Each structure stands twice: as structure tokens, then as C-alpha cells.
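Heads up, the thing below is written out as C-alpha cells.
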There are 2 protein chains.
Amino acid sequence: MTEPSRREQILATAADLFAARGFHGVSVADLGAACGISGPALYKHFASKQAVLAEMLTSISERLLEVGRERVARADGDPAAALRGLVDWHVEFALGHRPLIIVQDRDWESLPEDAREQVRRLQRAYVGLWADQLRALSPGLDRPSARAAAQAAFGLLNSTPRAGHAIPDSALRELLSAMALGALGVAPAELQR
Amino acid sequence: MTEPSRREQILATAADLFAARGFHGVSVADLGAACGISGPALYKHFASKQAVLAEMLTSISERLLEVGRERVARADGDPAAALRGLVDWHVEFALGHRPLIIVQDRDWESLPEDAREQVRRLQRAYVGLWADQLRALSPGLDRPSARAAAQAAFGLLNSTPRAGHAIPDSALRELLSAMALGALGVAPAELQR
DNA sequence: ACATCAGGTTAACGATCATTAACCTGATGC
DNA sequence: GCATCAGGTTAATGATCGTTAACCTGATGT
């Protein structure tokens, strides 16, 4: 009972295909074929093509926020530690799920209205999580600037899935972490307490 | 003779529409209507819908590279100064042409094959421009990592056009410059020589 | 006066696509 | 043994879209 396999297979292959060719560049026939079934069989698992995208994007936004909150809690009041945790988590997720990251910020606007609203809410909360820590770190920072800074950091971290895989993931992970922390004005690694 | 007005109007409105709804989300009828003409009249100015996108993207890639080279030359051997010049230029362009930036990294793959190749070449050269300066600044840095760092910086700088305009452009400009320089490990403003 | 032509127009064509309809089939509970 | 039903199939439908065709019109150079 633990394997609604088809459904998950569809979500996974859809992520790959959407990432490679864009939401509008993939037909339901393409998507079906890539799953070994064909065309309209998808409608036995999802209400529409948009529903596939909607489930994909809401679930990753939820997960990003959920684990993000966990990392902040784990830092227990130290904003620099919280930001290091947030950066680590975001890098880990982005490198582990490159297609999802690509789809998330490319095909966002192809969502149906209600799902778009839901994703926007989740993303706003995630931005707020980062912005709060940034403001705790530098007291002079106003909220809009802190939010803008958080979004710029996401841009940095989300950009690399698109790029070539010319360097190994472990090196990329450290490069991105260091750059993000540098951008945010947080001192990088120190003592693991 | 200095005003091929319609053509430029089409390119400008196409940039806005493509940025808002994506290349596939805009029909030629939409685009024509937004220009005050309608539908197939576009084909008097462009060979195809893809050709509009192609001209848009190649011209901005060319301009980005051209001025980038100029800024590097102006720094005359000082890599930190060159990077400050590159960051300034990129921020200026990104904030001045937000729709173009959005289209450039969202609808890249909708280009016809030859234009895609041309844009890729121009972007590779632009990345190389940044990577060279980064390597001149920190001698231990290998080329692939330098290129990855440059692309991450673009991600940071290109992300903000998408975001809300909650803070004034002048503040955003300074925030982005500071973050980009921080990410790249370049000391921010000093003496204007 | 007139041929040319740039820059419009509307109508028609041919693809492509998401979605629905109608039908099949094998397992499963009773 | 049999009704149910999940999960497939192919065929049909209706819309949208890029592109082409055929036609119109006003300015312009000669």
C-alpha cells in the first residue's frame, strides 16, 4: 500500500521533461510516452496537465519551507547559525533536485490561479524566514531590503542547476555555500558547536 | 530615416508580453493587438514569431558582452576594479531592462537552433570575461569553478527583476552590487581613482 | 498620370494539443 | 461465478495557433 507508483513516476518524469523543454513544450502524449503508457491515461491519475504541475510545485514549496523552519529552530536564536543552516539546506535541495528547481522558477506562471496563489504564499513565508534571520543579524536592515536580499540569494543558489556540470557536486556545493554566505554578509564556517 | 519605428515597437512590446506570460503564452494575435496592428501584420517585419525572440535575445547578449569588454578594458589590469565595473554594468542593465532579463533566462530554449547556438556563444564569452578577472584576482582558482562562480553571480543579479518592486531602484542597485561583490569575494567601494 | 511598394487587412489552412468518450481487461471481494 | 473497478486503449472533439494567401490602400519617385 506504500506505492502509488504510477503517480510518482508521472511526477518524476514530468519534472525531468518540464525542466528540459518547459511546461508548454511537453504534450501529455510526450509525458505519457515517457512513462510507458500513452496520452490520455494520465487522466486516470491527475485531473489535468496543470494539476501535475500544481502538485509538483506546491509539494516542493512546502518541503522547502518545512525543513527551512526546522533548520532555523535548530540554530536556537543564533541568526548567523540559522542562515548557515538555511544556506546548507537550500544548496542540498537545489543540487539534489535540479529539475524541480528549474521548473519552479521557470514555469511558475503556468499554474492555475488557485495553485499559483498557494505557491506564492508558501514562497512568501520562505522568504520571510530568511529575511527574519537577516534582520536579526543586522539591526539596521529594513524588512523590504531583507526580503530582496533573500530573493537575490535564492537567485544565486537556484542558478546553478541550469549551468553545466563541469565541476563535481561536492565542489559546487561548497562554492555556492561560500558565495551565498558572502553575499549575505555572514561569516562562513567556524566551529561546529 | 532613423526610425524603423514599428519594428522596434514590436520588439519592445514583445519583451513586455513575453516577460509577463512566456514566449508560448503570447500568440502573434496578442502581440499584434498590443502594437495596435493585428495578427499576421507582424510578418511584414519579422520572418516568424521565433525570429522576434531571436533578435531580442541576440541583441541583448551582444550588448552585454560589448559593454562588459569595455568595462574590463577601462580597469586596465586591475581585476578587482574590473569586477566592480562588470557588476555595476550588469546591475545597471538588469534594472534598466527587466523584461529582457526575464525573457533571456526563461525563454532561451524556445529559440530556433541556430540562434540558440549564437546566444550560447555570446553568453560563454561573457562568462569567460568574468571568469578571467576572477582568476586574475585569486590565483588558485581553476577555470571551471571560476565560470560556475560567474554564473552564480548572474543568477543573483538576474533574480531581482522577477521580484516585487518594494524598494526603490537606487537602493536595490546598491544592495545587489554589494551582494554580488560579497559573493565574489571582492572588496566593495573604495577610492574612485 | 501612373507603376511600385511598404504596410496593412481578413479569410483560410494545417498542425498540434488538452480533454473527453467509448471501450477493453484483468484482478479482487463476495 | 460474477459484479466492480482501477488502469489501460484508441478515436473523436473542439480550440488555439502559426503561417500563408489574396486583397486593399495610400504615399512616392518619375
Side-chain angles (χ1 to χ4, degrees), chain A residues 1-58 103 106-116, chain B residues 1-58 103 106-116:
Chain A
M1 70 187 67
T2 53
E3 28 187 4
S5 163
R6 248 308 131 68
R7 202 154 197 284
E8 313 236 345
Q9 182 198 11
I10 291 172
L11 281 168
T13 41
D16 289 342
L17 290 183
F18 291 170
R21 314 211 296 263
F23 179 73
H24 290 290
V26 178
S27 69
V28 305
D30 291 340
L31 179 50
C35 294
I37 64 185
S38 239
L42 289 174
Y43 291 81
K44 293 294 159 71
H45 305 276
F46 292 92
S48 68
K49 189 191 172 194
Q50 282 193 333
V52 178
L53 183 68
E55 175 147 338
M56 219 169 81
L57 294 195
T58 55
V103 174
R106 153 133 74 40
D107 290 321
W108 175 65
E109 353 209 32
S110 299
L111 283 174
E113 185 55 44
D114 55 340
R116 181 154 69 232
Chain B
M1 66 187 69
T2 51
E3 28 187 3
S5 161
R6 247 310 130 69
R7 204 153 196 284
E8 313 236 344
Q9 181 198 10
I10 292 172
L11 283 168
T13 39
D16 289 342
L17 289 183
F18 291 170
R21 313 210 297 263
F23 179 72
H24 290 290
V26 178
S27 70
V28 306
D30 290 341
L31 179 49
C35 294
I37 65 185
S38 240
L42 288 174
Y43 291 81
K44 295 293 159 73
H45 303 276
F46 291 92
S48 68
K49 189 192 172 193
Q50 282 193 333
V52 178
L53 184 66
E55 175 147 338
M56 220 169 80
L57 294 195
T58 55
V103 175
R106 154 136 69 41
D107 291 319
W108 176 65
E109 354 210 31
S110 299
L111 283 173
E113 185 55 43
D114 55 339
R116 182 153 69 233

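Predicted, not measured: the structure shown is a model, and the values here were computed from it. As a basis for the values below, the full set of heavy atoms in this structure was taken, side chains included, without hydrogen atoms, waters or symmetry mates. Numbers restart at 1 for each chain; the letters A, B, ... are given by sequence-line order, proteins then strands.
- Classified by interplanar angle (parallel below 30°, tilted 30° to 60°, perpendicular above 60°), the ring pair B:His24/A:His24 is tilted.
- The interatomic distance linking A:Ile37 (CD1) with D:dA6 (C1') rounds to 13 Å, in whole Å.
- Side-chain contact of B:Asp16 with B:Thr13: a donor-acceptor pair under 3.5 Å is absent, judged by distance alone.
- Along DNA chain C, the nucleotide closest to A:Gly25 and the one closest to B:Ser38 are compared, and the more 5′ of them pairs with B:Ser38.
- Of the two residues near DNA chain C, A:Asp30 and B:Pro40, the one whose nearest nucleotide lies more 5' is B:Pro40.
- Counting distance only, with no hydrogens placed and no angle test, the side-chain atoms of B:Lys44 and the base atoms of C:dG8 include a donor-acceptor pair under 3.5 Å.
- For the pair A:Arg6 CZ and D:dG8 C1', the computed distance is 9 Å after rounding to whole Å.
- C:dG8 atom P lies 7 Å from atom CD1 of B:Ile10, rounded to whole Å.
- Note that CZ of A:Phe23 is 11.5 Å distant from CZ of A:Arg106, once rounded to the nearest 0.5 Å.
- Residue contacts shown for B:Val26 are limited to sugar-phosphate atoms, with no base heavy atom under 4.0 Å away.
- In this entry the distance linking OH of A:Tyr43 with P of C:dA22 reads 17 Å, nearest Å.
- Comparing C:dT9, D:dG8, D:dG18 against the side chain of A:Ala41 picks out D:dG8 as the nearest.
- Nearest-nucleotide assignment on DNA chain D puts the 5′-proximal partner with A:Gly39, out of A:Gly39 and B:Val28.
- At whole-Å resolution of the value, NE2 in A:His45 and C1' in D:dT9 are 13 Å apart.
- Atom CD of B:Gln50 and atom C1' of D:dC17 are 13 Å apart (whole Å).
- Within the 4.5 Å cutoff, the side chain of B:Leu111 has no heavy atoms near those of the B:Thr58 side chain.
- Taking atom CZ of A:Arg7 as the reference point, atom P of D:dA6 lies 14 Å away to the nearest angstrom.
- The interatomic distance linking B:Leu53 (CG) with D:dG18 (C1') rounds to 15 Å, in whole Å.
- Between the side chain of A:Arg116 and the backbone N or O of A:Trp108, no donor-acceptor pair lies under 3.5 Å.
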